[in-house]
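Everything below concerns the one structure shown next.
Just so you know, these numbers come straight off a predicted model, no measurement behind them. Order of listing sets the numbers, starting from 1, for every ligand and every atom in it.
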Amino acid sequence: MSGVPLIDVQAQRSRLGAQIDARIAAVVQHGKFIMGPEVGEFESALETFIDDDQVTALGCSNGTDALVLAFQALGLKPGQAVICPAFTFIATAESVAVLGGVPVFADVEPEGFNLSADSVRSAAKVAAEQGLEVVGIIAVDLFGVPADYQALNAVGNELGAWVLADAAQSIGGSHDGKKIGALTTVTTASFFPAKPLGCYGDGGAVFTTDPELAEIIKSLRVHGKGTDKYDNVRIGQNSRLDTIQAAVLLPKLSVLDSELDARQRVADLYAEGLAGVVETPKLPAGARSAWAQYTILTEDRPKLQAALNEAGIGNAVYYPKPLHQQSGYQHYHLDQIDLAHTDRLTSRVLSLPMYPYLEDTQIEQVIETVKAALQ
Ligand SMILES: *Cc1c(COP(=O)(O)O)cnc(C)c1O
């Protein structure tokens, strides 16, 4: 047996390679490398995909800049606090901190991997006692699973705070038929190659239901431009999506739905094959996941990792160190906020191979190896 990679981003090329290469060649031919026609075409295609009249999609340079652009547009000021999960990728909090904001780490739900509305409520109380002004909440759709936007938007309303969706891992997912991108006022996406919708380099997007925020973000991503590019009405940055990346993303977006079906099929086979062996991920009712990762929980992680490595099966711990324990960020941690669920996940999570083009024999090999290691 030849082993199974954690993610094979090249597997899609047998399906789309020729189309993608033709679109890249067209950009090379017309030469409009910055804000060329493919960027607008991709933004329109994203809006059609999200299928909500209120939503504007704006391409940008990567998922981290998408967050920064969103916070700038929302008016985040130095010293203001934003509540985010302690269990996420660093960019979630980094983008707050880089603007001088104060990330406040809250816990995830007892079941699942996403921010807990109850923990946000208690974290907001602790933050207020410390004299912090809480202006926003970042929900992260970790591993592709939509966060509980109904509960989180309700807490946001209670606190007078905006709710942003860091959907770097979940574009294509939905809840009760409403797509990620339309579940809260501002949503950010990443098209890093290994994400469910990945380009051939860096890329990202911001989605918003607020036309005023959309106009500000359009300006911010091109140096705070006004009516023309040498009229600068605000302090912005260079955060555009490359034309070539938009060209790569267009054919990829057109198969995203069918790829998510294929990922769901892999998830179903894993759930069936691994029942009773490890704790497999469960989706909230009405949720569709983008399955950026298939992450199981086990008490015997070192043993399982050793067996997977031995068999050449890709696996990874996302994330081995929660944000409140990162040396660059631990000074933000407020001791009174309980992060027990985050700490529990950190020692037990393990992600298994997940991509749409996994073959039955590979899925079977993963299941058999996990079973043999733990039974
Ligand atoms: C990947 C990721 C980001 C950052 O995206 P980049 O495109 O790599 O900058 C932000 N948040 C989360 C949760 C991510 O997984």
SB check [X] [Y] (cutoff 4.0 Å):
| X | Y | result |
| --- | --- | --- |
| K77 | E133 | no |
| D176 | R288 | no |
| E259 | K252 | no |
| E111 | K282 | no |

Can you confirm, on distance only, whether ligand 1 has an N/O atom lying under 3.5 Å from any N/O atom belonging to [X]?
| X | value |
| --- | --- |
| Y319 | no |
| D202 | no |
| T88 | no |
| L142 | no |

Contact region, N62 to ligand 1, non-hydrogen atoms below 4.0 Å, reads both
inquiry  = Is the contact between D166 and ligand 1 made by the side chain, the backbone, both, or neither, using heavy atoms and a 4.0 Å cut-off?
reply    =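 Answer for D166: side chain.
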Quiz item: For atom 2 (C) of ligand 1, what is the nearest protein heavy atom, given as residue, atom name and distance?
Solution: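 So the nearest neighbour among protein heavy atoms is K195 NZ, 2.6 Å.
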Of all protein heavy atoms, the one nearest atom 4 (C) of ligand 1 is T64 OG1, 3.5 Å
- Query: Taking the inter-plane angle between the rings of Y319 and F87 on a 0 to 90° scale, is it parallel (under 30°), tilted (30 to 60°) or perpendicular (over 60°)?
  - Reply: perpendicular
Test item: side-chain donor near acceptor, S119 and D107, under 3.5 Å: no
**OP:** Taking atom types as modelled, find out whether N315 and N309 have a side-chain donor-acceptor pair closer than 3.5 angstrom.
**Re:** yes
Quiz item: What atoms of ligand 1 come closer than 4.0 angstrom to any heavy atom of V140?
Solution: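 It comes down to these atoms of ligand 1: 13 (C).
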Note: ligand 1 atoms sitting under 4.0 Å from heavy atoms of A91 are 3 (C), 4 (C), 10 (C)
Any non-hydrogen side-chain atom of V102 less than 4.5 Å from a side-chain atom of V82?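 No - every pair of side-chain heavy atoms lies 4.5 Å or more apart.
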The option among P85, P193, S190 carrying the non-hydrogen atom nearest to atom 7 (O) of ligand 1 is S190
